[in-house]
Amino acid sequence: MTHRGYAGFQTCVGRCKLGLMSQTNAKLSRIFQQMADVLEVLGANRFKVIAFQKAARVLGELTDDVAGMDSKELRSIEGIGKGMADRIEEFAETGGLPEAIELFDKVPPGVVKMLDIPGLGPKTVSILWRDAGLEDMAQLTAALDTGELEELPGFGKKKIENIKKNLAFAEQAGKRAKIGEAMPLALWFVEQLKQLKQVKQIQYAGSLRRGKETIGDLDLLVAANEKDAGAIMDAFVGLEVVADVIARGETKSSIRTNEDSGGKSGVISGGGGMQVDLRVVPTASYGAALMYFTGSKEHNVRLRERAVSMGMKLNEWGLIKTDSEKVVAGKTEEEVFKALKLAWVPPELREDRGEVALAESSHKAGDAIAGPPLIEVSDIKAELHTHTTASDGMWSIEELALAAAERGFHTVAITDHSKGQVQANGLSDERLEKHIVAIRKVAEKLKGKIIVLAGSEVDILADGRLDYPDSLLKELDVVVASPHAALSQEPAKCTTRFLKAIESPYVTIMGHPTGRLIGRREGLSPDMGALFKAAAERGIAMEINANHWRLDLRDTHAKAAIAAGVKLAINTDAHRLANLDHLQYGVLTARRAGATKKNVVNCMTKAALAKWLKSTRT
DNA sequence: GCCGTTTTCGGCCCGACTGTTTTCAGTCG
């Protein structure tokens, strides 16, 4: 769900000058999304609304800057036609879009904001605004108690009660849980429902299965006999963490969890107030339903269009011949894809970013899976970014190294903070020298068990200098250069800053380059294309930081990095034991970027890794 | 508004659940 309330951007549309290029995509993406919202309330042609939504999504995911493109290039982008291309060009040239301002003037921002209330769609909001004259949430709240709304068409007591109840959740609209919060909660639900004897198959689906960095709600799919569906639904809505039953049907139910569902069940912290949908289907439909429930919506639409063009229809029950109603496939995802003349698409790629075309060519080539096999957690053999008690970690060098060895890694690098990170107890030059000696000692002791490398997570200072002198850096095996301060620099400035850091002959990996914290800090917007080009030339790696707060590089950046020939590093940035489990989120992000193990330095053999590290010292 | 192995016009995915309805519209995913 998109967070609405466009007042801030309204001013931006009129006032923002052609700022820094890399922000154009983001700005236009938001403007198009807001235009879609307003058009929806105004009752515009729904395909027009969809076109604006699609343009917003496409621009949001694009790493190339639209400000530098001509009309022809723009129109070659899927979802951008003449109309959108003209708007983009106008915005890039003038820094504004008068059409958007004009449109926003037609509907009060408070009305658009009402779309955030669960259960309220454009039609209902339009009635509240046009027929009842309500212009914002406060007026709506007041009107709910007077009884006047019952006069409106389609408004009954229950609907008004539901609006009252859901009003509180409008604030949460657009708030998404981090994947590291959603995953344990999903696994808890799966574990609970698995215990029911009626449940034959169960799997979490939705954006969690696609490995997205944030999750809006949890989707669970169960295969069972039709007659058992009711009992499964009863068990589901009766679970201890359920605060509210939103819907309870024979094949589909939705609940909201307690605010403290994490704490109470020992599940997680931070996953409270999440919506969880459960769908129960017969085994014969499980594959089709899993596809339907995994999404993305855009990916599904594309598959359904393909089915129609082949004289079939695709829904959660199966792939069905239109004329005879004969079910062609449905039991497994593989058979449904195959019947569509497609190779099976890994869930992480199902975002309508060209994966259907890929699946088609793979199928033609006789492959069962679309594209090359994506990287898996078990491919990771080295951890190159960790912290110990020397700075702000919880482990000693030896504890950390042994834990890494236990996970089957052949190499671990100890990379504590540099001196600029005072609050993280960063190491002074002198302390680093001693620390290197301590690391070498442990390395010697653990010889044969695991290779322990001496490294540092060196701050990239605001001007691009590194936080240690070269004389010290050259003593290290691994240098992860990361930004920790000056995280609101202008794009051009931080691009120059990072390019300078990449030039250092001692840097091996650039760590979490935007410095974002998901849902908390926007972070930097450097010109990623320029960084990738420089990193590729130097042969150094760009990090996907696997911590679920960061996931930085994000999926789209990592995809562009691979396309630019840059090596990726997937590191946990572990400060404590549990952090090593975050590796899965980094791998999911890499999979969403289409990464294979060949793209990732952590998958190298001992010898290859050593050789690569040496090669970066040029 | 976008798009094109019938195309520059006429399509544009599909079903469950709810609430207000006497057969369906709205919302959601």
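Numbered from 1 within each chain, the chains take letters A, B, ... in sequence-line order. Here the structure is a predicted model, which means the values were calculated and not measured.
- Look at CZ on A:Phe169: it is 16 Å from C1' on B:dC28, rounded to the nearest Å.
- Taking only side-chain nitrogens and oxygens, A:Asn162 comes nearer than 4.0 Å to OP1 or OP2 of B:dG19.
- For the C1' atoms, the distance linking B:dT22 with B:dC28 amounts to 25 Å, nearest Å.
- When heavy atoms are screened at a 4.0 angstrom cut-off, A:Lys313 is found touching the sugar-phosphate backbone but no base atom.
- At a cut-off of 3.5 Å, with distance as the only test, no side-chain donor of A:Thr589 or A:Asp555 sits close to an acceptor on the other residue.
- Of the candidate nucleotides B:dG1, B:dG29, B:dG19, B:dG29 has the atom lying nearest to any side-chain atom of A:Asp277.
- Rounding to whole angstrom units, CG of residue A:Asp244 and C1' of B:dT18 are separated by 14 Å.
- A:Glu355 meets the side chain to side chain contact (heavy atoms under 4.5 Å, CB included) test with A:His299, A:Val345, A:Leu349, A:Asp352, A:Arg353; sequence neighbours excluded.
- Legend: residues meeting side-chain hydrogen bond (donor to acceptor under 3.5 Å, both in side chains) with A:Asp64, ordered by chain and number and at least two apart, are absent.
- Put simply, A:Phe47 rests on the base of B:dC12: the two rings are less than 5.5 Å apart at their centres and nearly parallel, under 30°.
- Looking at heavy-atom distances under 4.0 Å, A:Asn300 makes no contact with the nucleic acid at all.
- As judged by a 4.0 angstrom heavy-atom cut-off over every strand, A:Ile50 is placed among residues making no nucleic acid contact.
- A donor-acceptor contact under 3.5 angstrom links the side chains of A:Thr294 and A:Arg209, judged on distance only.
- As judged by a 4.0 angstrom heavy-atom cut-off over every strand, A:Gly206 is placed among residues making no nucleic acid contact.
- Distance, A:Met35 CE to B:dG1 C1': 11 Å, rounded to whole Å.
- Residue contacts shown for A:Arg302 are absent, as no nucleic acid heavy atom lies under 4.0 Å away.
- In this model, the phosphate group of B:dG1 is approached by a side-chain N or O of A:Arg87 to a distance below 4.0 Å at OP1 or OP2.
- Contact check, A:Ser254 against B:dC28: no side-chain N or O comes under 4.0 Å of OP1 or OP2.
- Spacing between atom CZ of A:Arg46 and atom P of B:dC14 amounts to 11 Å, rounded to whole angstrom units.
- Atom-to-atom, CZ of A:Phe293 to C1' of B:dA16 comes out at 10 Å; the value is rounded to the nearest Å.
- A distance of about 16 Å separates the P atoms of B:dT5 and B:dC12, rounded to the whole Å.
- Backbone-only contact: A:Arg279 has heavy atoms under 4.0 Å from sugar-phosphate atoms and none from a base.
- Nucleic acid contact class of A:Val49 (heavy atoms, under 4.0 Å, all strands): none.
- Nearest heavy-atom pair, A:His548 versus A:Gly180, reported as atom, atom and distance to 0.1 Å: ND1-CA, 3.1 Å.
- Comparing the C1' positions of B:dT21 and B:dC17 gives a spacing of 15 Å, expressed to the nearest Å.
- Between the CZ atom of A:Arg306 and the P atom of B:dT5 there is a distance of 13 Å, given to the nearest Å.
- Between A:Lys165 atom NZ and B:dG19 atom C1' the separation is 13 Å, expressed in whole Å.
- Every residue two or more places apart in sequence or in another chain that forms a salt bridge (Lys or Arg N to Asp or Glu O under 4.0 Å) with A:Lys82 is listed here: A:Asp86.
- A donor-acceptor pair shorter than 3.5 Å cannot be found between the side chains of A:Asn300 and A:Glu298.
- Sequence order on DNA chain B of the closest nucleotides to A:Phe155 and A:Thr251 puts A:Thr251 first from the 5' end.
- Look at A:Lys252 and you won't find any side-chain N or O under 4.0 angstrom from OP1 or OP2 of B:dC28.
- In this structure, A:Lys338 is not positioned above the aromatic face of A:Trp344 in the sense of NZ or CZ being under 6.0 Å from the six-membered ring centre and within 45° of the axis.
- At least one side-chain nitrogen or oxygen of A:Lys48 sits closer than 4.0 Å to the OP1 or OP2 atom of B:dG1.
- Spacing between B:dT6 and B:dG11 at atom C1', rounded to whole Å, works out to 13 Å.
- Heavy atoms of A:Leu314 sit under 4.0 angstrom from primed sugar atoms or phosphate atoms, though from no base atom.
- The separation of B:dG15 from B:dT8, taken at their C1' atoms, amounts to 33 Å, rounded to a whole angstrom.
- The shortest heavy-atom contact between A:Met114 and A:Leu134 is CE-O, 3.7 Å.
- Comparing B:dG29, B:dC14, B:dT20 by their nearest atom to the side chain of A:Lys158 picks out B:dT20.
- Listed by chain and number, the residues in a salt bridge (Lys or Arg N to Asp or Glu O under 4.0 Å) with A:Glu89 amount to none (sequence neighbours excluded).
- The distance from atom OH of A:Tyr292 to atom P of B:dG29 is 10 Å, rounded to the nearest whole Å.
- B:dT8 is unpaired under the Watson-Crick or G-U wobble criterion, no partner having all donor-acceptor distances under 3.5 Å.
- By the neighbour-count criterion of 12 heavy atoms within 6.0 Å, atom CD of A:Gln195 is densely surrounded, having more than that number from other residues, nucleotides or ligands.
- Taking atom C1' in both B:dT23 and B:dG29, one finds a spacing of 24 Å when rounded to whole Å.
- Annotation: proximity of residues 316-352 of chain A to DNA chain B (heavy atom, distance under 4.0 Å) is found for A:Glu316, A:Trp317, numbered in ascending order.
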Extract from the structure each pairing of a protein N or O with an N or O of nucleotides 23-27 of chain B at less than 3.5 Å, listing the distance.
unit_1: B:dG26; atom_1: O3'; unit_2: A:Thr124; atom_2: OG1; d: 3.3
unit_1: B:dT27; atom_1: OP1; unit_2: A:Gly121; atom_2: N; d: 2.6
unit_1: B:dT27; atom_1: OP1; unit_2: A:Gly121; atom_2: O; d: 2.9
unit_1: B:dT27; atom_1: OP1; unit_2: A:Thr124; atom_2: N; d: 3.0
unit_1: B:dT27; atom_1: OP1; unit_2: A:Thr124; atom_2: OG1; d: 2.4
unit_1: B:dT27; atom_1: OP2; unit_2: A:Lys123; atom_2: N; d: 3.2
unit_1: B:dT27; atom_1: O5'; unit_2: A:Gly121; atom_2: N; d: 3.4

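- Closest-nucleotide positions on DNA chain B for A:Ala247 and A:Asp219 were compared, and the one nearer the 5' end corresponds to A:Ala247.
- Nearest nucleotide to the side chain of A:Asn315, out of B:dG29, B:dC14, B:dA16: B:dC14.
- Applying the 6.0 Å contact sphere to CD of A:Glu226 captures no more than 12 heavy atoms from other residues, nucleotides or ligands.
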